[in-house]
Protein chains: 2
Amino acid sequence: MPKLSIILVLILTFSTVVFAQDLQNQRRNLMPVPANIAWKNGRLAINKNFSVSLSGKTDERLKSYIFRVLRRLEGRTIFEFSREYSNSTNATLSIETQSTGNAIPKLGDDESYNLEISDKQAKLTAPTTVGAMRGLETLLQLLERDKDGFYFPAVSINDKPRFAWRGLLIDVARHFQPIEVLKRNLDAMAAVKMNVLHWHLTEDQGFRVETKKFPELHLQGSDGDFYSQDQIREIIKYAADRGIRVMPEFDMPGHATAWVVSHPEIASASGPYKIERQPGIFDPTMDPTNEKTYKLLEPFFAEMAALFPDAYMHIGGDENEGKQWAANADIQAFMKKNGLKTQDDLQQYFNRRILKFLQKNGKIMMGWDEIFQPDIPKEIVIQSWRGQEALGKVARQGNQGILSNGYYIDLMQPASDHYVVDPLPANTTLTPDEQKRVLGGEATMWSEWVSPETIDSRIWTRTAAIAERLWSPREINDIDDMYRRLDVIGLQLEELGLTHRKNQTMLLRRLANSDHIETLQNLVAIIEPVKIYQRYQVRPQSMLSPLTGLIDAAQADAPKARIFNKLVQKFTSQKNPDDAAKLKNTFTEWKNTGVQLKTLMENNPSLFEAKQLATDLTDLGEIGLEITDILQNGKTPNADWKNTKLKRLVEIAKPKAALEIQVVESMKKLVEMVSAK
Amino acid sequence: MPKLSIILVLILTFSTVVFAQDLQNQRRNLMPVPANIAWKNGRLAINKNFSVSLSGKTDERLKSYIFRVLRRLEGRTIFEFSREYSNSTNATLSIETQSTGNAIPKLGDDESYNLEISDKQAKLTAPTTVGAMRGLETLLQLLERDKDGFYFPAVSINDKPRFAWRGLLIDVARHFQPIEVLKRNLDAMAAVKMNVLHWHLTEDQGFRVETKKFPELHLQGSDGDFYSQDQIREIIKYAADRGIRVMPEFDMPGHATAWVVSHPEIASASGPYKIERQPGIFDPTMDPTNEKTYKLLEPFFAEMAALFPDAYMHIGGDENEGKQWAANADIQAFMKKNGLKTQDDLQQYFNRRILKFLQKNGKIMMGWDEIFQPDIPKEIVIQSWRGQEALGKVARQGNQGILSNGYYIDLMQPASDHYVVDPLPANTTLTPDEQKRVLGGEATMWSEWVSPETIDSRIWTRTAAIAERLWSPREINDIDDMYRRLDVIGLQLEELGLTHRKNQTMLLRRLANSDHIETLQNLVAIIEPVKIYQRYQVRPQSMLSPLTGLIDAAQADAPKARIFNKLVQKFTSQKNPDDAAKLKNTFTEWKNTGVQLKTLMENNPSLFEAKQLATDLTDLGEIGLEITDILQNGKTPNADWKNTKLKRLVEIAKPKAALEIQVVESMKKLVEMVSAK
């Protein structure tokens, strides 16, 4: 039945195509993609008569949230809406909540919502205020526009998160971030339905929280850059008003230099100590064998427990290499006496002491992988920087945990790398009960190399991909569509004051000392900072260095490089002449840009370090033009040509000024292609 | 002696040229231009070993200022400097101050400084901390760069301000401005050596200051958008740390709606009142005949006098049309009984009562033109929105005054208009003693049509031209050179977080719902918002309307329009073929941009209002191309052609979406030129 099989293939192909289109359409600009969507016919037009009714059990939090959402809708549409709630059942947007939920959000709060849009009305119902907030963000993402005006497409959405813990860690210790930075990032988190700010408050490089009991801690440990307790409360309220929990982290016993600047007596070696200015892992470690340590920590945790309402408190516990412990005879004697065989045992001893302080104050202890041991209390929650395997062990042993491995946004990897990391991948071997112990995950914005000017560009918009991974069904995993939506969401986040796009041009203007930055823009569109932990190795700086170089203007996921690499991929397989023409245009642009850039860079000392990139760009353009010439005249070049080009490309691929041109692999492919017989 | 006269003419011409070049060079990128500059040979190289020594009488204010200046220098150079002061007499920058001066700045503080830069060292000396601050800003403006690196040119500068009062009024009542907006604007003010923030705190549209005695005033009069007293103190300190005084204004007896929302009993007509949402002049006026008014104001002023340390307190007094007074029989009877013949007399009676409250608290009263009367006490200071003539009368009568007429930056006029306004023009008829009573001037940022997103773009960078007028010698008045420097300073202000440049692209992206805003950028580069008070007339909005339209993205002094108009001016006189080619390129760009814009605007409802501008732009391009064709083929067109084109240009010149294309007059000139026989 050859005929039937052809028909079957055709049907299958056709339905796949339809399915793929549906899927694309299904997502529109929604990010994270809701759990259930059913598109309908019709659209709800938005005009200046837009009205809102509110019913059920509501609170001021919800009213303020609605107010802000309406202002954003006004900002986009330039309509001015009424500021009064409508009493009509026909209001354009009808919102109904069954309860207010917790005024200060808690883990596991119901964040579900239902959104029904017809051509008459948008109807949002939710069991809680926070659910309504999530639905309102979906509504804003649904806004579309065409020749006939603004509208919401008709749809039925039933949505709830896959994971209850969807966090962003912001390290405010290595580089302090003023509260306005935190506020705008909280706004952005709410826009993509994230619900935990993990506030990394103490480090070797800074102690950032005011303590009334031990003011010397923040006064001597922060260069004056710390949050007052009023500011802490302000941020907690700001977050709560957006349905976001705030969990503080006080990293110990390692990462503790800033503590021992004012309290050398609790260190495991004698001081004096100074605030650390370098990145890395350092020796200063609290002394778990010294009762002075606990005399400080017990009241400290009591004070912080009263300040931070969240049930969870993070004690870090990571990267303690124990050098000071090994070198201290008293500590070694203590270990011997108490049967503590390893450094891990000693840290466990410390953790158990700390756990009591937390429990006394009604807090649940959380820490990094290092605090996980076979016999730790089941209530301790583990944050895994090590990965799914480590997290699996945690869950199997009966502890809860969250994943951060794979979500280290400071490492400048592409969003696609983070997107494919799943806290519970399809092939998980965990039992359903064990799976429940995997609460979610957290993106981590470690701040060695970010300033208030650049931090948004590191967090957004890659983090929206992680937000989607933690909220949406596992099956939502089309990378191209993720990038498409990431772009749209990135644009929308600007209305909240985020600076991830606009500060790039500002940084380039400062570098060029000019408004004419087109050539620099062309360059940064295809270069990226070196990844993982290479930056410090190839371009060492301290915590006091200016973060205003070309590397700070460059971002992960260089947009034009991605487009170019896609084009080359397509061209090498399909050899479409249109694509060849596009390639030629690109090569010509690179060549010209490179020449102009060279002059610009030679006259701007802050760009001297990047001069070679201009030459590389010109050379890439020239190699590319040789390739398009070869394609045109059809002559296969000899092996010498190929080797020369590949050799040059190897040089071009090397980082300069800690920046990498992201198109070199594609260029190699092209060289290989035209050199093949 | 014809030969001699030719030689003389040549010599004169030559020296003029040299002089003009000198003058240009003399100014480099300095703004405001210092009183005395002598350039020398040599340059002081800047490298990572840059060091600073500090001597004389110093304070924390100065140390913090130096710290911030060094961070800005690091940001530009990407060097990391030492954070320790040098003990060496050979430090790269040696700073010496003779006294700290007033910790809270006072009118008349010595702001002078001397800056000597050789190829060995920069030496800054000043009698006070504030003088040193001014000198440090000059130093930052001196930074130059070339193939050999960053440097300061060798120079000897002796500088001091022409006027003691160089202010910026920010109206935070009509549109509230969060404290971070004020802070970055204070930074920008310091960068251009302005020294007074005039804080317009109360209006019909809002009461923005917390009062502990009458909390209902700010709670009911502000929609929750007010400054706490802690925030007020924070801003005063922030300003003082930058050598800037903070003078509050409480506008009365008119502009008082927000007062009488909570206190209708002090109004001159019975309430109830609501916060005003429209722009304009409104009836609600305090009742000067009612003792309840003074029972409120006396303790109010006592509280504010304690909160604001500045010696001056502004009571507004403007635009009281007295309608409520005329309509109130009791008030009329009071006037009759007390021999107050006119509304002015009654307002004077009110002012005299208020004056006592201010005097009791050690404050000097200030008000707008309206409070000036022949017999007012000599200590009262007048702020003139009416102009130099009114200000002259004030000075002749023995009162002091400042000028704001001509400095209304909310009216969207070009910087050049403001730049030529001099509080004491060369032809002043005031005696030297009278001239001393003219203290300076203030730019006024009235906030009917600015949001926190757009306010910087209205203030900066035109205001730097006003800052220069108030600081630099009267003879510094080259408009082209002012614009050249304005551009450079505008770029530098971005390092302080000002958003005047970067928010324009953000606003355009929101309007276009896309990153591809090149065509919109081409358009906004030649259009400007309508000027003076036309905006409300042609595009009415309220205080609650979104300020996110194309008009809000557009700015005064459209940069490409200025360039084009200069080019046409040059071409019509010199008829250089190179310029004709440039014109042709521009016309082609307009035509193409217009076509693309039309599609963009037709699909973006928030741009519907501006659609005609796209067509206008295309037509301008086409008219231009017809002109360049005519120029090429040399045929004079007939009268019909001319009339048709001029008629079309008249239409194009009309505002659309409250925006005006700024090149139409030049186009008319070109039509006239090619039509002339």
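Per chain, numbering begins at 1; letters A, B, ... match sequence-line order.
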What is the minimum heavy-atom distance between B/Pro546 and A/Phe79, and which atoms define it?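 Nearest pair, atom of B/Pro546 first, then A/Phe79: CG-O, 3.2 Å.
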
Please identify, among [options], the residue contributing the most non-hydrogen atom pairs under 4.5 Å to chain B.
options                                : result
A/Asp487, A/Thr499, A/Thr548           : A/Thr548
A/Gly490, A/Ser542, A/Gly75            : A/Gly75
A/Leu507, A/Asp146, A/Asp552           : A/Asp146
A/Gln504, A/Glu602, A/Glu609, A/Glu453 : A/Glu602
A/Glu494, A/Glu180, A/Gln541, A/Glu74  : A/Glu494

Need one label for B/Ser451: side chain, backbone, both or neither, based on atoms under 4.5 Å from any heavy atom in chain A.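 It is neither, since no heavy atom gets under 4.5 Å.
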
Contacting region of A/Ser545 [heavy-atom separation from chain B under 4.5 Å]: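 Both parts, heavy atoms under 4.5 Å.
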
Rounded to the nearest 0.5 Å, what separation is found between the CG atom of B/Asp148 and the CG atom of A/Asn603?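 The distance works out to 10.0 Å.
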
Gap separating the CD1 atom of A/Ile78 from the CG atom of B/Leu547, nearest 0.5 angstrom: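 CG of B/Leu547 is found 10.5 Å from CD1 of A/Ile78.
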
With a 4.5 Å cut-off on heavy-atom pairs, point out which of B/Asp515, B/Thr77, B/Thr505 contacts chain A the most.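 Option with the greatest count: B/Asp515.
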
Can you tell which of B/Arg510, B/Glu80, B/Glu495 has the highest number of heavy-atom pairs within less than 4.5 Å of chain A?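 The option with the most such pairs is B/Glu80.
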
I'd like to know if the side chain of B/Arg83 reaches the main chain of A/Leu544, judged simply by a donor and an acceptor atom lying under 3.5 Å from each other, with no hydrogens or angles considered.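 Yes; judged by distance alone, with no hydrogens or angles, the pair exists.
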
Pick from B/Lys147, B/Arg76, B/Arg145: which one makes a side-chain hydrogen bond (donor to acceptor under 3.5 Å, both in side chains) with A/Asn604?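 Answer to the side-chain hydrogen bond (donor to acceptor under 3.5 Å, both in side chains) test with A/Asn604 among B/Lys147, B/Arg76, B/Arg145: B/Arg145.
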
Would one find more than 12 heavy atoms of other residues, nucleotides or ligands at under 6.0 Å from atom NZ of B/Lys237?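 Open: at most 12 neighbouring heavy atoms sit under 6.0 Å from NZ of B/Lys237.
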
Crowded around B/Lys598 NZ? As in, over 12 foreign heavy atoms under 6.0 Å?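 No, NZ of B/Lys598 has 12 or fewer neighbouring heavy atoms, counting only those of other groups under 6.0 Å.
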
Apply side chain to side chain contact (heavy atoms under 4.5 Å, CB included) to A/Lys502 and B/Arg509, showing your working. CA-CA 10 Å; A/Lys502 64 189 181 184; B/Arg509 281 191 288 267; 3.8 Å; yes

